[in-house]
Visitor: 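Questions regarding the structure given below will be posed in turn.
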Amino acid sequence: MKVANGWQDYKILATSEGMKLEDWKGVTLLRPDPQVIWKGKNLFDCHYNAVYRRSEKGGGAWEIKKPFPAEWTVSYADMTFKVKPMGFKHTGLFPEQAVNWEECRRLISLAKSKNPDREIKVLNLFAYTGAASVACAKAGALVTHVDAAKGMVERAGENARLSGIEGGIRYIIDDCMKFVAREIRRGNRYDCIIMDPPSYGRGPGGEMWKIEQNLFDFVLSCAQLLLDKPVFFLINSYTTGLQPAVLKNILTLALKDFKGKADAYEVGIATEEGIPLPCGASGLFTGEDYAG
């Protein structure tokens with residue numbers, strides 16, 4: 001497991017019985033987490049600003065306990081992100097992904113050190129509010145940021161500006177599968193690809209996406225967009241039960257025509273309890289010139 005433990009503005013205070021108590025730069029939120037199947041203290045007896053309560057009919061809603069700003073910012077290293085309680089328990093940021101932000105930056109910086117004049121092009125799919133896009137742009141890459149949700153793409157632009165980035169990111173509001181198909185026809189190529197696909201979803205035209213059924217074929221399609229000597233291909237998954245080895249196998253098979261190394265790992269985040277909270281898995285293919 002790669003554990004994100006470098007945060008100053010965020011921490012997990014406690015975990016128990018399907019919930020996690022978090023401090024987001026002074027704002028305390030109590031949110032559901034399906035990985036927390038152990039018991040600790042009763043978190044509902046703790047002091048917090050808001051709790052997300054699930055509904056028996058599906059979904060849920062935030063219950064405010066103590067006033068706090070409608071939105072605020074948190075920083076990680078030289079990056080700043082806007083957060084706020086959103087639908088379906090989200091805040092607009094996944095802090096555990098800091099381990100992947102750092103790795104993306106390291107690999108891009110390594111590629112640029114080998115050839116300072118080289119433009120490193122990154123395609124970020126299902127890019128959400130753009131934390132990975134910001135990380136790659138900070139390392140000097142040119143980023144194409146694609147997400148179907150207009151509001152999330154707008155938030156990504158805000159996060160880039162908050163982080164001091166005024167250029168270098170191209171924002172696309174589109175279905176990721178349709179965008180990739182068009183890029184293949186256009187003959188465009190990228191050094192790096194990042195994807196954070198949902199477990200389940202529907203496209204703007206009603207297209208159905210199920211990660212177990214569609215991920216491998218989609219990675220095969222994306223492989224057509226890689227340059228002959230890619231820097232990396234990163235897949236993130238929050239699907240419960242999807243083992244890291246599955247992501248490694250997908251990358252190994254789908255990218256068999258490229259020289260490099262596929263790896264996979266759990267992603268977690270440190271807690272004040274001294275245990276890491278599991279937060280999904282990542283698969284990383286690193287081109288042969290950059291593999292450690």
Side-chain angles (χ1 to χ4, degrees), residues 86-88 90 92-94 97 100 104 119-137 141-160 165 167-228 230-239 242 246-247 249-251 253-258 280-285:
M86 300 165 61
F88 196 62
H90 292 166
L93 189 68
F94 296 95
Q97 285 297 318
N100 286 325
C104 290
E119 286 188 338
I120 305 298
K121 296 182 179 180
V122 176
L123 176 60
N124 188 9
L125 299 167
F126 309 99
Y128 197 48
T129 57
S133 296
V134 169
C136 293
L142 299 177
V143 182
T144 298
H145 173 111
V146 187
D147 197 281
K150 180 180 179 181
M152 297 302 99
V153 175
E154 291 174 346
R155 175 63 62 85
E158 289 185 72
N159 285 333
I165 297 169
I169 303 177
R170 179 170 65 123
Y171 301 98
I172 307 291
I173 302 170
D174 201 353
D175 175 81
C176 289
M177 299 180 75
K178 290 182 177 179
F179 178 80
V180 166
R182 284 199 302 274
E183 288 290 88
I184 292 171
R185 292 195 296 269
R186 294 167 181 150
N188 288 335
R189 297 292 181 266
Y190 296 86
D191 300 274
C192 317
I193 295 177
I194 302 169
M195 65 169 65
D196 200 340
S199 299
Y200 173 86
R202 288 188 179 275
E207 307 88 347
M208 183 177 293
W209 165 277
K210 285 188 176 181
I211 195 168
E212 297 89 348
Q213 297 177 9
N214 301 112
L215 181 60
F216 181 72
D217 287 341
F218 187 53
V219 174
L220 278 176
S221 295
C222 291
Q224 298 178 59
L225 297 179
L226 285 174
L227 291 167
D228 292 339
V231 180
F232 68 81
F233 194 128
L234 173 66
I235 306 174
N236 295 312
S237 172
Y238 296 94
T239 303
L242 196 63
V246 173
L247 300 180
N249 290 346
I250 287 172
L251 289 169
L253 295 171
L255 305 185
K256 61 182 177 13
D257 293 333
F258 298 89
S282 294
L284 178 65
F285 177 90

Visitor: For E183 and Y190, does a side-chain donor sit closer than 3.5 Å to a side-chain acceptor?
Guide: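 The criterion, which ignores hydrogens and geometry beyond distance, is satisfied for Y190 and E183.
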Visitor: Begin from the C-alpha positions of I173 and M152 and carry the test side-chain contact (heavy atoms from CB on, under 4.5 Å) through to its verdict.
Guide: CA-CA 9 Å; I173 302 170; M152 297 302 99; over 6 Å; no
Visitor: For a side chain to side chain contact (heavy atoms under 4.5 Å, CB included) with I235, tell me which candidate from L125, L247, D196 qualifies.
Guide: L247
Visitor: If you take all heavy atoms of L226 and D191, which pair is closest and at what distance?
Guide: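 Answer, listing the atom of L226 first, then D191: CD2-O, 4.2 Å.
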Visitor: Would you give the length of the straight line joining atom SG of C176 to atom NZ of K178, rounded to the nearest 0.5 angstrom?
Guide: 12.0 Å
Visitor: Taking the side chain as everything from C-beta on, heavy atoms only, tell me whether T144 gets closer than 4.5 Å to V122.
Guide: no
Visitor: Between C136 and N124, is there a side-chain heavy-atom distance shorter than 4.5 Å?
Guide: no
Visitor: Please name all residues satisfying side-chain contact (heavy atoms from CB on, under 4.5 Å) with L220, sequence neighbours left out, ordered by chain then number.
Guide: F216, D217, A254
Visitor: Going by heavy atoms in the side chains, are N236 and M195 under 4.5 Å from each other?
Guide: no
Visitor: Taking D147 for its side chain and Y128 for its backbone only, find out whether a donor-acceptor pair lies under 3.5 Å.
Guide: yes
Visitor: Kindly say whether D228 contributes a backbone atom to a donor-acceptor pair with the side chain of R189 at under 3.5 angstrom?
Guide: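 Judged by distance alone, no pair lies under 3.5 Å.
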Visitor: Can you name the nearest heavy-atom pair linking G130 to H145, along with the distance?
Guide: CA-CE1, 3.4 Å
Visitor: What heavy-atom pair brings A131 and L93 nearest, and what distance separates the two atoms?
Guide: CB-CD1, 3.9 Å
Visitor: Find out whether S133 and I165 are in side-chain contact, i.e. whether some heavy atom of one side chain is under 4.5 Å from a heavy atom of the other.
Guide: no
Visitor: Run the ring-ring contact (aromatic ring centres under 6.0 Å, His included) check on Y238 and F94 step by step: do they pass?
Guide: CA-CA 11 Å; Y238 296 94; F94 296 95; 4.9 Å; yes
Visitor: Determine whether a donor-acceptor pair (N or O, by modelled atom type, separation under 3.5 Å) exists between the side chain of N159 and the backbone of T129.
Guide: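 It does hold such a pair.
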Visitor: Using a 3.5 Å distance criterion without hydrogens, assess whether the side chain of S237 forms a donor-acceptor pair with backbone atoms of A281.
Guide: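 Side chain of S237 to backbone of A281, a donor-acceptor pair under 3.5 Å: no, none is there.
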Visitor: Can you name the residues that form a side-chain contact (heavy atoms from CB on, under 4.5 Å) with R185, not counting sequence neighbours?
Guide: A181, R182
Visitor: When you compare the side chain of C104 with that of F232, does any pair of heavy atoms fall below 4.5 Å?
Guide: yes
Visitor: Quick one, F233 and C222 - any side-chain contact, counting heavy atoms below 4.5 Å?
Guide: yes
Visitor: Can you name the closest pair of heavy atoms from F285 and P230 and give their distance?
Guide: CE2-CG, 4.3 Å
Visitor: Indicate the atoms forming the closest heavy-atom contact of L225 with I193, along with that distance.
Guide: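 The pair with the smallest heavy-atom distance is CB-CD1, 4.3 Å.
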Visitor: Locate the shortest heavy-atom distance separating P198 from F126; write the atom from each residue and the value.
Guide: CD-CD2, 3.6 Å
